[in-house]
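For reference, the structure is listed below as structure tokens.
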Number of protein chains: 2
Amino acid sequence: MANKGCIIRLSRYRNALLRLKALNFVKVFSENLADSARVTAVQVRKDFSLFGISGNRRGGYLIEELIAKISAILGKDEVQRFVIVGIGNIGQALLHYPGFKKSEIEIVAGFDIDQNKHNRQAAVPILPLEELGNFVEKNKIRFGIISVPDSAAQETLQLMLQAGIKGILNFAPICLKEPQNCVVRNLSLETELENIIYFTVLAEKEETGK
Amino acid sequence: MANKGCIIRLSRYRNALLRLKALNFVKVFSENLADSARVTAVQVRKDFSLFGISGNRRGGYLIEELIAKISAILGKDEVQRFVIVGIGNIGQALLHYPGFKKSEIEIVAGFDIDQNKHNRQAAVPILPLEELGNFVEKNKIRFGIISVPDSAAQETLQLMLQAGIKGILNFAPICLKEPQNCVVRNLSLETELENIIYFTVLAEKEETGK
DNA sequence: AATAAATTGTGATAAATTTCACATTAAACA
DNA sequence: TGTTTAATGTGAAATTTATCACAATTTATT
Ligand SMILES: NC(=O)c1ccc[n+]([C@@H]2O[C@H](COP(=O)([O-])OP(=O)(O)OC[C@H]3O[C@@H](n4cnc5c(N)ncnc54)[C@H](O)[C@@H]3O)[C@@H](O)[C@H]2O)c1
Ligand SMILES: NC(=O)c1ccc[n+]([C@@H]2O[C@H](COP(=O)([O-])OP(=O)(O)OC[C@H]3O[C@@H](n4cnc5c(N)ncnc54)[C@H](O)[C@@H]3O)[C@@H](O)[C@H]2O)c1
């Protein structure tokens with residue numbers, strides 16, 4: 001039924017809708033959402049169609065209603081809590097990012113092997129790695145972020161699995177295997193940049209010589 | 001000829017190959033690369049086939065040779081230089097990340113509107129935003145990273161375009177329009193996390209109730 | 001030297017995703 | 001109240017991407 005790209009787009013539509021709502025708009029057309037997510041209007045309507053989301057045949061969609069429906073699909077009826085393992089440059093940045101709130105995402109704790117990083121008193125506490133299992137179990141955490149050096153990524157995955165984490169975003173530039181019972185997404189910034197380089201060079205080639 | 005996913009995979013293969021080379025391996029099979037990139041062996045060979053990369057019908061591929069060929073495709077015969085605009089949490093993290101070197105990616109300068117961030121003496125200097133145009137032109141920079149707040153993302157894109165940047169990675173959670181003559185990739189971490197939440201919840205639903 | 005085994009390379013096929021074409025409906029207007 | 005207009009909703013077609021099936025080739029073995 002769903003389709004990978006469709007979920008990413010729903011997320012984008014929702015973002016745009018939240019902005020529109022903040023500006024006191026009430027209605028929106030597929031064309032508007034298309035613009036904001038850089039896709040076509042048909043794509044927007046098809047995506048909605050796949051999830052049984054419908055609007056008003058002449059008057060577009062009611063923003064409030066649409067946000068509610070998409071939020072339900074994306075599991076945003078409740079706040080989703082994450083832990084981060086590896087509080088270095090990236091982990092630090094994520095830990096202190098206030099913008100996750102409006103996506104119903106909350107970072108509840110960080111974990112690190114380096115004692116110097118530990119801080120139980122902080123708003124988002126940074127704890128010794130040994131406490132990961134207990135913490136996750138006690139607080140029923142289901143999601144985690146891996147931002148340790150690549151050499152430690154695989155073992156961090158194991159720890160998270162043992163702790164009972166069910167969904168993981170991995171920043172280490174190594175493709176972790178998706179285990180049974182757990183969703184893993186590998187996000188390599190190097191790869192993202194290389195991708196841009198490739199398509200930029202390609203575009204330049206096409207423009208000049210052909 | 002190419003295909004979006006294929007380029008991302010080439011990047012992953014290359015990563016794995018660099019690791020293997022570092023371990024003094026000489027040959028590799030499509031099956032090994034498949035494991036490292038979490039795809040099938042046929043997919044690996046098909047990707048190579050699309051780019052005219054060939055190996056040895058019984059003996060797999062020579063690692064050195066393969067790295068050279070993929071590197072050429074990905075534009076890694078020369079170091080690709082980036083500037084970053086917005087030296088906050090994310091910008092800072094990227095600026096100081098040593099791991100880009102092995103991908104032939106170099107961050108050469110940061111730019112910010114906040115005077116307190118400026119530092120001409122640093123290894124990677126952080127300069128006033130006003131100097132972006134000159135710097136890019138003088139140093140023939142083609143790539144940029146946007147890590148300013150979402151409200152400033154669109155204007156930052158404009159500045160980069162005026163400066164002559166040709167490829168951009170945008171971290172602000174807003175989908176910037178891809179202009180003529182410039183490749184833009186919008187990477188929203190919120191969206192990545194939402195994606196994981198969706199597929200995790202989906203997997204749980206399938207597992208239990210069905 | 002002949003045979004067997006293992007791996008690549010790729011056209012054909014299948015699956016996934018997007019786009020098209022157009023029927024349907026609600027609102028606006030005359 | 002009828003007619004026009006502007007949107008949605010969706011099956012069908014087209015396109016893109018991944019998989020399959022198997023021929024071709026190299027290496028190893030007898
Ligand atoms: N910083 C970037 O811009 C950037 C860019 C691309 C990829 N990455 C990747 O993201 C990951 C994190 O990068 P970073 O720059 O934040 O690294 P970092 O070195 O700044 O931080 C890593 C942190 O992980 C901790 N750590 C190490 N081993 C651990 C373990 N086994 N368990 C728990 N904690 C452990 C360290 O103490 C440190 O605090 C790395 O894999 C890196 O390759 C980072
Ligand atoms: N930090 C995260 O974990 C995270 C997560 C998801 C998305 N993001 C997005 O990434 C972007 C950067 O996030 P951050 O946490 O680093 O933000 P930040 O607030 O820490 O840093 C933003 C920096 O941009 C500078 N800036 C503001 N306006 C500017 C302008 N017009 N020109 C140049 N510089 C300008 C500010 O001085 C500041 O140094 C934001 O759009 C944010 O929504 C961040």
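In the text below, chain A, chain B and the rest are named by the order of the sequence lines, each starting its count at 1.
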*Are any of B/R45's side-chain N or O atoms less than 4.0 Å away from OP1 or OP2 of C/dT8?*
yes
*Taking the side chain of B/K46 as heavy atoms from C-beta outward, which of D/dA24, C/dT19, C/dG11 is closest to it?*
C/dG11
*Value in whole Å for how far the P atom of C/dA6 lies from CG of B/N32*: 15 Å
*Ring centre gap for B/F48 and B/Y13 strictly below 6.0 Å*: yes
*Indicate whether OP1 or OP2 belonging to D/dT10 is found under 4.0 Å from a side-chain N or O atom of A/S49.*
yes
*To the nearest angstrom, how far is A/I7 atom CD1 from C/dA16 atom P?*
15 Å
*Starting at atom CZ of A/F51, determine the distance to atom C1' of D/dT10, rounded to an integer number of angstrom.*
16 Å
*How do A/V42 and B/G60 order along DNA chain C: which one's closest nucleotide is nearer the 5' end?*
B/G60
*If we ignore angles and hydrogens, is there a donor and acceptor under 3.5 Å between the side chains of A/S71 and A/R14?*
yes
_Interatomic distance where NZ belongs to B/K69 and C1' belongs to C/dG9 [whole Å]_ = 13 Å
*Look at the side chain of B/R57 and the base of C/dT7, then say whether one donor and one acceptor between them are separated by less than 3.5 Å.*
no
_By nearest atom, which of the nucleotides C/dT18, D/dG9, D/dA18 is closest to the B/Q43 side chain?_
D/dA18
_Side-chain donor-acceptor pair present, B/Y97, A/E190, cut-off under 3.5 Å_ = yes
*Identify which nucleotide among D/dA18, C/dC20, D/dT8 has an atom closest to any side-chain atom of B/N3, counting heavy atoms from C-beta outward.*
D/dA18
*d(CG, B/L62; P, D/dT27) in whole Å*: 11 Å
*A/N56 or B/Y61: which one's nearest nucleotide on DNA chain C is closer to the 5' end?*
B/Y61
_Measure CG/B/L50 against P/C/dT10 and give the value in whole Å, please._
10 Å
*Give me the one residue out of B/T156, B/N186, B/V184 that meets side chain to side chain contact (heavy atoms under 4.5 Å, CB included) with B/I146.*
B/T156
*Base, sugar-phosphate alone, or nothing: which one does A/G59 contact when heavy atoms must sit under 4.0 Å apart?*
nothing
*asked:* I want to verify a distance call: between D/dT27, D/dG9, C/dA28, whose nearest atom is closest to the B/R58 side chain?
replied: D/dT27
_Counting only side-chain heavy atoms from C-beta out, which of C/dT7, D/dT19, D/dT8 sits nearest to B/F29?_
C/dT7
*Using whole Å, report how far CZ of B/R9 lies from C1' of D/dT16.*
12 Å
*asked:* For A/D150, is there an ion pair with B/R19 - N to carboxylate O distance below 4.0 angstrom?
replied: yes
_Spacing of A/D47 atom CG relative to D/dT8 atom C1', expressed in whole Å_ = 14 Å
